[in-house]
Structures are given as structure tokens and as C-alpha cells.
Asks: 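Quick one: this structure, given as C-alpha cells, is what I'll be asking you about.
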Amino acid sequence: MKAIAPKTIRLYNSLSGQKEIFTPVHEGRVGLYVCGPTVYSDAHLGNCRTFVNFDIIYRFFEYCGYKVRYVRNITDVGHLVGDVDDAGADDKIGKKARAEQVEPMEIVQRYTNGFHDVMRQLNTLSPSIEPRATGHILEQIEMIETILKNGWAYIKNGSVYFDTLKYAKADKGYGQLSGRILEDLLVETRDLKNQDEKQHPSDFALWMKAAPQHLMHWNSPWSVGFPGWHLECSAMSTKYLGKTFDIHGGGNDLKFPHHENEIAQNVGACGCQPAKYWLHANMLLLYGKKMSKSDGYYVAPNELFAGTCELKDENGGKMLTKAYSPMTVRFFILQAHYRSTMDLTDSGLQAAEKGWKYLTETYKLLKNMVAPKGAKPLLDKQLDELANAAFEDMSDDFNCPKAMSRLFELGSKINALKGGQLSMKEVSEDCLRRMEQVFHDFMFKIFGLRDESADAASTHATMNGLMQLVIEMRQQARTTKDWTTSDKIRATLQQVGIDLRDGKEGTTWVKN
RNA sequence: GGUUGCGUAGCCAAGUGGUUGGGCAGUGGUCUGCAAAACCUCCUACAGCGGUUCGAAUCCGCUCGCAACCUCCA
């Protein structure tokens, strides 16, 4: 059962620079391609933000009843270190493999596992298909042949390059996505740098002839070599989603050159734009600056979860002072819109931790609330409107922060009903049950949060039995006004992370 | 230097031509044996300077500041 079924979804298309109404290529279906990670090292939190954002988009389409094929690739070849498209340049994975004296595929396997582990902790759903570049060499070779046949590429010393100048001059729209224009390309012509193989600096490799020391290489009609980075996404999206599919997503930093070149390859091979809508997730900043692996300026998810991040600010203080659970991090990510930059800070995470706790506690209250017989539903309309607004917010370019704010407004009503500041006689049982559904669906299905306290359900049952005993003994002390004993029990429990709350209907406990 | 985006109260962060977004922190209350939690209250801002408009934080221009991309990046 769904709480409500939104009808239209509007999304911001990077290609047009406008919000558009989503109309699927195939009725009731969504083809979604998202550029995945390059598995040459551990993913950092910035990578995670993008994938969490698209996880929510994936979840929301499914929630609205669409059948989604979500393809997210694993890049395991083709990403170069150093001078790009220079025949001597090294593959990121190959470089790491040589440094550690292992097979490149061992590197790939290790970091793919690590990536999956982090994604699982952050409670993201697996994509429908997670194709690897090395598993699609044939498809990539075929695509290069088509591009060559169509005249958009040239061969030089066993490598194949895409002819961006010819393509741009043919008015195919090169630069449309990233805002780069033909004139800029022409200006650059004067500065040919030292890339003698390429006819123009903006040309990019479709196939690279491998240098002798290069570990990852395959046979091709042109040379023993390897595919260019941009090509895998074109080949795999076409294979699994068709020549034209609905949505292509990725991080903002991939807009140029990666996505621009991807479009050029698709148009060059198939004659049509690959995706109707392009969605770009913005960057996660760390105290105002983009995380960067090469500068060592980044947060590893596992360090954040364990509280072992050692990054220092300019005063030598720890940037992140404590551990934050995966769901706190996910909640934090939800509080910014996917198209905005977001600043990761210690205080921001602490705020998220409290907000997340409030929502889970509120949901638990709601589950156990029952409207009295004969209640007059004076509040129903207000609550319904808030819930409906939350779905509208999500339908408008996946506005999680706005939808979240509605849940908090609902939360204060629910807590007020529970606390007696609002009368339970003013809300109907139907409304309470609908609110329960709305909370459930938003928190767990759409936002993809997970009740972490339920993670250890069996432990919880044991704990609860013990706690009932402790609470009962403390209650005896309180009845005889033995405040020394009752306060000692409460203080000691607090030291081990358990809060007692004395309410009208007895004492409850909460584990921090 | 070029391109794009941003600049919102102590912090994070939505919105956007006319009515309080939200969270965290802080204030004062209610409740409580005291707390905690919860609820209510207060703090009520849109970088600066011009322009358009009956009216702009929201549109336009300029200035300043920040970020991202232009090289591998989610």
C-alpha cells in the first residue's frame, strides 16, 4: 500500500538548463544510467554523496510505480594518470597493480568490494546492472568502428581519436551540456602543447595503443591497447538501456569533459542523443573545499563511521571529533538538495544526528498511538496537507530537504498529540494510520534510512527485559522519595549511553 | 584568464516577485521530585551598490567574496 501516488515528476535537465516534466521513453519505465566509481582506491564521502542522491532518485521513481532499470558502471580500465591521451600515460589501476605487484584485477576486486561495503552501510539499493568496462571491450571496439565509419574519428599510430573540431563544425552541439563553445575550441588551436598525435587538443582517445609496460591491454583492429575512458559509458548505456534512454546521471565534475564526450560518441555512433535528461549531483565540500584524494583532503566513510578521521583544521583541532553512524551521514546528505554544494562540518553532522534521532523516536511514538473512539477529526486536514506537500516536494526535482521539513512539522504535531499539548480527540484513527504510513514510506522507502536501533533486534529484546527490571526498581525508590537511589540509577545508566525519560505513563528508555 | 554556480540569521540549509520553510545551537516558559524528552515562545536573515516594479532576498546590471569545471575527479 502506498500513502499517495504522485502523478507528475519534474526534474532539472542539465542539457536544457531548465526544469522539465518527466515523460518516459517507454510508458511506465525508466532507464537510468549513473557513472560509477573508478576502483583504484577507496571511495571517499564525496563519491558517496552522489550515489546516495541517485539512490533516492531511483527509490522515488520506483515508489511512484515506475519500473526502473538502474545501470551504474564500475570503471576498471581506461582512467589515466598524468598526461591524458599521452601514449606513455599510465592507467590508474595498472599503476597501482604494478606498485603492489599484484594483478590489476586484484586491485579492481579489492576496491569494488570496499565500495559495495560502504554502499551497503549507507543503505543504498544495488543497481539493476553494474557492468564493468573490462567486460565490454568488444562492445567498445564495435562502437569505435561505427564512429570511424561515420567519419568522426581518425587513426594515428595505432590509436583512435575522436575528431572534436570536425564534430563541432558540423554543428552537432558539442559543448551544449557544459556550456563550452566552438570559438573556445578554435582559440585553443594555437596552443597545440606537446600532444602531437592529436590533431586538436580537445580531441580525445577512443582507443589507445598500449606502451610495452602497460599491464591492461586487448587486441583490436588498430593495436594492442585499451579503450578510452569516456567510451565505456557510451557502449554500456547503449547496450543495456538502448540508443536513447531516459536519464543519465553523475557528479557535476563529470559534466566536462566526460559527459560532453560521451554525448559526442553516442551521436557519432548512433546519430542521436543518448539521454533525454541529464542530472548532475553537486559536490560535497569539507569545510568549504572540495574533497580531493590527491591532496589527502577527504573523509573516508569508514573513518567517519568509526570516529577515526584524523584531519586537522588550521588550529590543529580535529575536524571531525566523533563517530557518526551511516544513517546519520545519510540523513545529513538528505538535508541538502542534490544540485547544491553541501558543506560537511562537525557541527553539521551533530545537528543531523539529533534530527535523525528525533524522527526515529517520533515514528516509534506514532506507531503506538491510537485515536480515542468518537474523535472529531479537526486536525486531519492540516496533517494531510503536510503529508501531501511532502510528496509534491519530492515530485519537484527530488527536493529532499523540503520534504524533510514537512516531516519535522508533522513530527511536532505528533509529539504534541502524544504530550497532550494537542488533544487526541481532534485526530481520527484513519489519519493516524495514514501518518504512520507516510512516515514509514518517507523514512524507509524514499529516503532509504534504516532504523539502526533495530539492527540488533535480539540484543534489544534482552536489554528491554533488563531495563524493565531496573525501571521497576527505580520506581520503587521514587515512590518512597528515595531520590538518591533513583538519581544514581539514572546517572549510571546515562554513563553507559542509556537515557531514562519519566513521563505521565511511566518511564521509558532510549539508547543513544 | 575562460565557463558555470553560489553568497540566506551563531552553524547547516530550503525557497523565491507581495504571507513564518526546516534542523542544530541559544532565550524565556509549560511539564517534571529534579532532570531528560516533548510542546510553546523569542532570536526572524537574505554580500554591497544601482535599476525594473505599486512591491525584490527573489528579475536586470555592476562590484566584492567563495566554490566547481577548463588536467584525473562523484
Side-chain angles (χ1 to χ4, degrees), chain A residues 14 17 34-38 40 43-54 79-85 89 92 175 178-181 183-184 187-188 193 201-202 229 249-258 260 280-285 288-294 298 331-332 335-337 339-359 361-362 365 389 393 396 399-409 411-422 478 481-483 486-487 490-491 494 499-504 507-508 510:
Chain A
S14 300
V34 174
C35 289
T38 303
Y40 71 105
H44 65 232
L45 210 64
N47 306 116
C48 295
R49 181 196 179 191
T50 297
F51 301 128
V52 166
N53 282 152
F54 282 104
H79 243 172
L80 301 176
V81 178
D83 287 338
V84 185
D85 299 339
K92 282 186 174 178
S178 56
R180 252 143 275 254
I181 45 175
E183 280 71 32
D184 291 346
V187 168
E188 279 182 65
K193 299 172 189 164
S202 66
W229 168 43
N252 214 4
D253 50 355
L254 296 181
K255 224 188 240 178
F256 189 88
H258 183 56
E260 198 71 71
H280 288 97
N282 216 322
M283 298 294 103
L284 179 71
L285 310 178
K289 273 193 189 158
K290 185 186 171 185
M291 291 191 194
S292 159
K293 206 153 251 177
S294 46
Y298 66 95
F331 183 91
F332 176 78
Q335 283 186 302
H337 189 261
R339 280 195 288 120
S340 300
T341 52
M342 152 151 243
D343 201 10
L344 184 86
T345 61
D346 204 40
S347 61
L349 284 164
Q350 283 177 22
E353 188 172 55
K354 293 193 178 172
W356 166 227
K357 191 177 171 190
Y358 174 88
L359 273 195
E361 292 300 320
T362 300
L365 285 181
D393 295 334
D396 186 11
N399 197 328
C400 288
K402 209 172 172 189
M404 185 74 84
S405 77
R406 313 287 188 184
L407 287 197
F408 275 95
E409 287 190 65
S412 75
K413 300 290 176 208
I414 289 155
N415 275 295
L417 284 165
K418 184 70 184 175
Q421 293 88 355
L422 287 173
R478 293 180 75 213
K481 303 207 179 199
D482 179 4
W483 307 127
S486 73
D487 287 355
R490 187 172 62 194
Q494 197 167 27
D499 287 346
L500 291 184
R501 295 175 183 174
D502 298 327
K504 283 203 178 82
T507 302
T508 54
V510 178

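Atom set for the values below is all heavy atoms of this structure, side chains included, hydrogens, waters and symmetry mates excluded. To find a chain, count down the sequence lines: A is the first, B the second, and so on, and within it residues start at 1. No experiment lies behind these values; they were computed from the predicted model shown.
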Asks: With heavy atoms under 4.0 Å as the rule, sort Lys290(A) into base, sugar-phosphate or nothing.
Replies: base
Asks: Assign Lys255(A) to base, sugar-phosphate, or nothing according to its heavy-atom contacts below 4.0 angstrom with the strands shown.
Replies: nothing
Asks: Touch check for His258(A), heavy atoms < 4.0 angstrom, all strands: base, sugar-phosphate only, or nothing?
Replies: nothing
Asks: Pick base, sugar-phosphate or nothing for Ser486(A), based on heavy-atom distances below 4.0 Å to the nucleic acid.
Replies: base
Asks: Can a donor-acceptor pair under 3.5 Å be found between the side-chain atoms of Asp343(A) and the base atoms of C11(B)?
Replies: no
Asks: Test for a donor-acceptor pair under 3.5 Å between the base of C6(B) and the side chain of Arg339(A), counting only N and O atoms.
Replies: no
Asks: So, Trp483(A) and G33(B): ring centres less than 5.5 Å apart, planes less than 30° off, yes or no?
Replies: yes
Asks: Assign Gly348(A) to base, sugar-phosphate, or nothing according to its heavy-atom contacts below 4.0 angstrom with the strands shown.
Replies: nothing
Asks: Does Asp253(A) reach a base, just sugar-phosphate, or nothing at all? Heavy atoms under 4.0 Å.
Replies: base
Asks: Out of A38(B), G21(B), A14(B), which nucleotide sits closest to the side chain of Tyr358(A)?
Replies: A38(B)
Asks: NA contact type, Met283(A), heavy-atom cut-off 4.0 Å: base, sugar-phosphate, or nothing?
Replies: base
Asks: Could you check which nucleotide pairs with C66(B) in any of the strands shown, counting Watson-Crick or G-U wobble with both distances under 3.5 Å?
Replies: G5(B)
